[in-house]
Amino acid sequence: MKLSNRLQTLHSLVNNDYQHIWDCCCDHGFLGVQLLADNKAPHIHFVDIVPSLMSELESKLVRYFPQSEMTRQKVTSQWQVYCTDVSAIPLEKHTGKHLVIIAGVGGDLTQKLVDDIHRQHPDKTIDFLLCPVHQQFELRSHLKSLKFGLIDEVLIEENRRYYEILLVSNNRGERVDTSTVSEISNVGDKIWTPNNDEQIKVSQQYKAKTLQHYLRIHQGQEKQGKPSQVKHIIDAYQSVQP
Ligand SMILES: C[S@@+](CC[C@H](N)C(=O)[O-])C[C@H]1O[C@@H](n2cnc3c(N)ncnc32)[C@H](O)[C@@H]1O
């Protein structure tokens, strides 16, 4: 199954350093299945809260990725399916390096799920690969306040929608490769330094669309005689130069 551009980009940001990859809010599990097929980690965990999705996915995995040694072929990774709220994933039961992927849900929910996981496992070093739908500024600001570090960030366009993809770590100090982890910017850094014409177009359009969104909110608040809650966000996006 061919992945969408967004899922392919997420896939390309996953290296082979992890013992456990959690495909959270996985829906049909397309991304996790590709990670499994590519043996990206010894353990791939699929998590979603909808029972019918998870039983359908489990049947597919049993069929195409059987776990017994007798039937296993090229795929050596183990998989597990969880029908649960992402806040409750049992990271404590597993040792080794974890990557938690949360993609395709709102920025507010992404923020809550990251918070819940981080709070329950303060001593574990966890990398998070995030692709929120909306509220990117708010999510970035929150991750920054938690002192998460940035490993990589990418901006993509798919079907005239723009997605920021963030690879972050909850524990900058504990990482061996601290040189590769930097401070998270509220609006992003690398996403505004495009290196080809297509990326220049994408970042310019994304800036314009994001500004329009916050200007609408600003005008609404002005009309109601309320103080603007988003003026600092507008100023921050206005200052970026794609
Ligand atoms: C649009 S899909 C995203 C699929 C895939 N991650 C992607 O990026 O294309 C959102 C999924 O999140 C799941 N979901 C929403 N809130 C959740 C939660 N708190 N815990 C687990 N799954 C959740 C929904 O059931 C749905 O299947």
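The structure displayed is predicted, hence computed values, not measured ones. We count ligands from 1, going down the list as the structure has it; atoms in each ligand are counted the same way.
Every side-chain contact (heavy atoms from CB on, under 4.5 Å) that N195 has, sequence neighbours left out, goes to Q199.
Taking the six-membered ring where the residue is Trp, Y162 and Y206 present tilted rings, their angle falling between 30° and 60°. Ring-plane geometry between W22 and H98 is classed as parallel, the angle between the planes falling under 30 degrees on a 0 to 90 degree scale with a further cut at 60.
Of all the heavy atoms of T84, the ones lying under 4.0 Å from any atom of ligand 1 belong exclusively to the backbone. Contacts of R6 with ligand 1, taken as heavy-atom pairs under 4.0 Å, involve the side chain alone. When heavy-atom distances to ligand 1 are checked against a 4.0 Å cut-off, L53 comes that close only through its side chain, counted from C-beta outward. Residue I101 does not touch ligand 1, judged by heavy-atom distances below 4.0 Å.
Checked by distance only, ligand 1 and D48 come closer than 3.5 Å through their nitrogen or oxygen atoms. Below 3.5 Å of separation, one finds an N or O of A103 facing an N or O of ligand 1.
Looking at atom 20 (N) of ligand 1, its nearest protein heavy atom turns out to be V86 N, 3.0 Å. Looking only at heavy atoms of the protein, atom 1 (C) of ligand 1 is closest to G104 O, 3.4 Å. The closest protein non-hydrogen atom to atom 2 (S) of ligand 1 is D27 OD2, 3.6 Å. Closest protein heavy atom to atom 10 (C) of ligand 1: V105 CG1, 3.8 Å. The protein heavy-atom contact nearest to atom 23 (C) of ligand 1 is C25 SG, 3.6 Å. In terms of protein heavy-atom proximity, atom 22 (N) of ligand 1 is nearest to I49 N, 3.3 Å. Closest to atom 15 (C) of ligand 1 among all protein heavy atoms lies L109 CD2, 4.1 Å.
Annotation: N159, atom CG; neighbour count of heavy atoms from other residues, nucleotides and ligands within 6.0 Å does not exceed 12. H218 NE2: more than 12 foreign heavy atoms inside a 6.0 Å radius.
Listed by first then second residue, pairs satisfying side chain to side chain donor-acceptor pair (under 3.5 Å) with a partner in residues 232-242 read K231-D235, not counting sequence neighbours.
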### Message
Using the rule given for salt bridge (charged side-chain N to carboxylate O under 4.0 Å, His left out), can you reason through E164 versus R140, listing the C-alpha separation, both sets of side-chain angles and the distance that settles it, and then say yes or no?
### Response
CA-CA 10 Å; E164 287 185 34; R140 280 174 171 277; 2.7 Å; yes
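A salt bridge between D116 and R119 is present, with a side-chain N of the basic residue lying under 4.0 Å from a carboxylate O of the acidic one.
If you run side chain to side chain donor-acceptor pair (under 3.5 Å) between S169 and each of T125, T180, D127, only D127 comes through.
Counting the atoms of ligand 1 from 1 in the order shown, those under 4.0 Å from a heavy atom of V50 are 25 (O).
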